[in-house]
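Have a look at the structure below before the remarks.
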Amino acid sequence: MEIPAKYDPSGIEDKWYQNWLNKKYFRSVPDEREPFTIVIPPPNVTGVLHMGHMLNNTIQDVLVRRARMLGKNALWLPGTDHASIATEAKVVAKLKEQGIEKASLTREEFLKHAWEWKEKHGGIILEQLKKLGASCDWDRTKFTMDESMYESVIDVFVDLYNKGLIYRGVRMVNWDPKALTALSDEEVIYKEVKSKLYYLRYKVEGTADEWVTIATTRPETILGDTAVCYHPEDERFKHLAGKRVLVPLIKRSIPMIAAAYVDREFGTGCLKITPAHDINDYHIGLKHKLETIDIFNDNGTLNEKALLYIGQDRFEVRKKIVEDLLSHGHVEKIEDYVNNVGFSERTDEVIEPKLSVQWFLKMADMAAPALEVVMNDTIHFHPEKFKNTYRHWMENVRDWCISRQLWWGQRIPAWYLPDGDLVVAKTPELALEQARKLSGNESLQLNDLKQDEDVLDTWFSSWLWPISVFDGIRHPDNEDIRYYYPTNDLITAPEILFFWVARMIMAGLEYRNDIPFKNVYLTGIVRDKLGRKMSKSLGNSPDPLDLIAKFGADGVRVGMLLTSPAGNDLPFDESLCEQGRNFSNKIWNALRLVKGWQEDARLEQPAYASISVKWFENRLNEAMLQINDHYDKYRLSEALMTAYKLVWDDFCSWYLEMVKPAYQQPIDAATLNASIGFFEKLMRLLHPFMPFITEEIWHLLEDRPEDESIMVALQPDAGNVDETLLSGFQAAAEAVIGIRNVRKEKNIPFKDAIELKIRVTDGSESGAFDPVIGKLGNISSIEYVAEKPGTAAGFMVKACEYYIPLGDGIDLDAEREKLEKELEYTRGFLDSVMKKLGNERFVSNAKPEVVEVEYRKKSDAETRIRLLEEQLQGLKQA
RNA sequence: GGGAGCAUAGCUCAGCUGGUUCAGAGCACCUGCCUUACAAGCAGGGGGUCACAGGUUCGAACCCUGUUGCUCCCA
């Protein structure tokens, strides 16, 4: 069979993925094996795959594939998140394109459109994950608005309400006037914006021409002013105590008040107070019992309470009111100013602080145990440094605003009675029952009750994810939840440590009395070469599917993982994927080599091959131990790098060269079988990182039955490691390199065989690898000698001297110079060792082992110096 | 303003409890090679005052203090 020289992943990847699906290898049901569970951080149902997903899901697939190959019952449970704000925004935009306004639809009609949209576009991202090779149990795919998931959310809401943990409150919230919903603080992005600082003059009431000047960036909000404030110790304003001033244009009389909150250095030292539209002003308003005048409609236009500009947009009004203030002489001056303005993460609209009635979940009691399990390492964070960040947040946690003014999401199960009382219940029927009891009015009907219009924050469903995907809220004792929970590893981004990770821990402790996962692996952010976060708006994110088409899924996976230790940002560059692809090709060509060998059963195994096989066996064991250790520490990049070097350097560059038969010569059976065995073990080691090529090669290396797959093979076990053999090889490898260097320096082509003479002085050289040195160095004869031969080029490995006789063509001066240089270095080295040993305090204080090492260094250096001196002497005589 | 983290080769990062060639890896770079698996390759090579300044110690990239610079979180 002809194998092409370049590995072409297209076709191969689709073929195997389909095969795995057909064979149900991703499927997991509870059995007697140890479970290993990962639940996917559900991507937004509206989403398309971006580089962050690629990294995150590659890591999950590596972990789950490895667990499967360790004989565990591995489940990777996929799904999507309904992402209320983002999805609703998309559906609204889509409807608008069709000329349909959301406002013209009933809630039911809108939801019908939303579901249609979800059915049509919702699965895209999961299909994309398949291209990456994700080994999810697709039969278990969940969506946060699935009936069972929806009901779980409602159950939890009712339960927490009954426990007294959920309450309604008037709060200043971050209002998104475009999405028409409140946002959590975390959904607000602050950006520096160039704006103006307006100095406005307010007339003091009852005076002819006395004025107070305040500074503001938001002149339109003066219509909601209910006080003007100065610092109580500010001499400039003390005379105004108890007086009142008039709001410009509308001439409303408002009091002058004093509060220490005021920064005397800022602006004029005098400040307008608008409790409805600024969080700080709101608090001052509460303290001073000021009136609160909300001048904005929900969509950011002014309402009738503003008295002026009614129905006009806030930014339009800003321009107009400045003109009007100017023409009425109320503007003292206007300065350029840079301030931080909050924008909606979802709609990029300027956030309006707004007072509104919202639902809140009390956090304090839930946060304490959730902090504890992380601090005492019941849950491990990788890397650990995020424990600090986590603690800081948990110790300063605020109540969670869980209501959103949207339709797409779980509707809050609260019903209002005609008299304004409310009941919370799982169903309208139960609500009615409660309402009758509460009001004492048995004739109340469902029609008399009005359900709350709001839905719950998306995170209020995601925080149940590890439980609700197994239906563990509704049926706490079902087989799945008992078997799969707590899950093992959670792989997510540090940005949502609090939104999501912390809250899942709280929910787990509250509803399972157990942690939701044992390890949290925090990935970095994928950035572009300039260090910018990849984003759609910057257009700096490559399309992952294009990358897969170009480099193969295996190549991209390797590229993503090579330089991304846990918690570190990943500066992404296509060349990383190129490296991954090149690695695939390297493996592929190793296969071509091995498959090209013709076996001759009559052949004896040559000496060079038998020692090579022994060596690689040990090297493989050593590397496997290192790889296991890296996995245990969640150092996936290093596990991959160790495997990469094992394959490329040790297997391809050394082992295969060592055992390779001469051109067009056959190979003995023992070596061939050993080589295929090694190759196959290497494929199993690599499989979690590169699932496709390893499966393809697994089937090409040997004839295997149709239903066999590397996916369900076990990871190889690491045997014992013979250190002596490994260091023997190390020395031999150095000798080979030495010979190559001599060849290069002396211009001796490789095809010319040369003689090698070895002078051993301390008996350390066993000669076990001599056949290998002979093969790789193209040595015609190896001879052990007692004396340095006449004209020869030489080098040393440890205390072993190697000589290549050169006849006449030797440059004595060059040789001498080389030796002298080395002698000088070794003497310097010995000096530093002697200095240390001569230090009385070192010898008496340092650990005995350390001192002993220094003595050994001393004697080694002395031997070496003696040898070098002898050689130099020999050269001088020649 | 409060808190946290980081600073090691051109880039991205390892470096565990201070002590073996501990100053490393990969990539990039330089020099030879189209050698019969692979130029997506082979062989060889150069490159760092471990941010700076002190301190502790027989011994510091590692521990302590300060300085500078960068990043993130909260206000």
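Throughout, protein chains are lettered first and strands after them, A, B, ... in sequence-line order, and every chain is numbered starting at 1. Quick caveat: nothing in here was measured; it's all calculated off a predicted structure.
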Measure from the side-chain N and O atoms of [X] to the backbone N and O of [Y], and report whether any donor-acceptor pair falls under 3.5 Å.
X: A:Arg557; Y: A:Pro688; result: yes
X: A:Arg743; Y: A:Ile739; result: no
X: A:Lys775; Y: A:Glu657; result: yes
X: A:Trp588; Y: A:Pro4; result: yes

Check the orientation of [X] and [Y]. Use parallel for under 30°, tilted for 30 to 60°, and perpendicular for over 60°.
X: A:Tyr634; Y: A:Tyr521; value: tilted
X: A:Phe651; Y: A:Phe616; value: tilted
X: A:Phe583; Y: A:Trp648; value: parallel
X: A:Tyr655; Y: A:Phe678; value: perpendicular

[N] to [M] separation - [atom1] atoms, rounded to the nearest Å:
N: B:G18; M: B:C63; atom1: C1'; value: 8 Å
N: B:C52; M: B:A60; atom1: P; value: 15 Å
N: B:G19; M: B:G1; atom1: P; value: 39 Å
N: B:U65; M: B:C6; atom1: P; value: 14 Å
N: B:C70; M: B:U8; atom1: P; value: 14 Å
N: B:U20; M: B:G15; atom1: C1'; value: 15 Å
N: B:A53; M: B:C72; atom1: P; value: 28 Å
N: B:C29; M: B:G66; atom1: C1'; value: 38 Å

Length of the line joining [X]:[atom1] and [N]:[atom2], which is rounded to integer Å:
X: A:Lys751; N: B:A43; atom1: NZ; atom2: P; answer: 18 Å
X: A:Leu640; N: B:C27; atom1: CG; atom2: P; answer: 12 Å
X: A:Asp649; N: B:A43; atom1: CG; atom2: C1'; answer: 13 Å
X: A:Arg740; N: B:G45; atom1: CZ; atom2: P; answer: 11 Å
X: A:Glu854; N: B:C22; atom1: CD; atom2: C1'; answer: 12 Å
X: A:Glu495; N: B:C74; atom1: CD; atom2: P; answer: 12 Å
X: A:Lys633; N: B:A14; atom1: NZ; atom2: P; answer: 14 Å
X: A:Leu522; N: B:C73; atom1: CG; atom2: P; answer: 14 Å

Can [X] and [Y] be counted as an ion pair, charged N to O under 4.0 angstrom?
X: A:Arg866; Y: A:Glu862; answer: no
X: A:Asp377; Y: A:Lys387; answer: yes
X: A:Lys633; Y: A:Glu638; answer: no

- Would you say the side chain of A:Arg740 lies within less than 4.5 Å of the side chain of A:Phe750, judging by non-hydrogen atoms? no
- Let me have a per-nucleotide readout for nucleotides 2-9 of chain B, 5' to 3', with B, S or -, counting only protein heavy atoms under 4.0 Å. BSSS----
- Task: List the protein contact pattern of nucleotides 30-41 of chain B with one symbol per nucleotide (5' to 3'): B for base contact, S for sugar-phosphate-only contact, - for none; contact means a heavy-atom distance under 4.0 Å.
- Result: -B----BBB-BS
- Task: May I ask you to say what A:Asn396 touches in the nucleic acid, namely base, sugar-phosphate or nothing, with a heavy-atom cut-off under 4.0 Å?
- Result: nothing
- Message: Under 4.0 Å, counting only non-hydrogen atoms across every strand here, what does A:Leu576 touch: a base, just sugar-phosphate, or nothing?
- Response: nothing
- Secondary-structure stems, RNA chain B, at least 3 Watson-Crick or G-U base pairs under 3.5 Å: B:1-7 with B:68-74, B:10-13 with B:24-27, B:29-33 with B:41-45, B:51-55 with B:63-67
- Item | Residue pair A:Leu700 / A:Lys595: nearest heavy atoms and the distance that separates them | O-NZ, 2.9 Å
- Message: Let me spell it out: for each of A:Val736 and A:Glu638, pick the nucleotide of RNA chain B with the closest heavy atom. Which residue's pick is nearer the 5' end?
- Response: A:Glu638
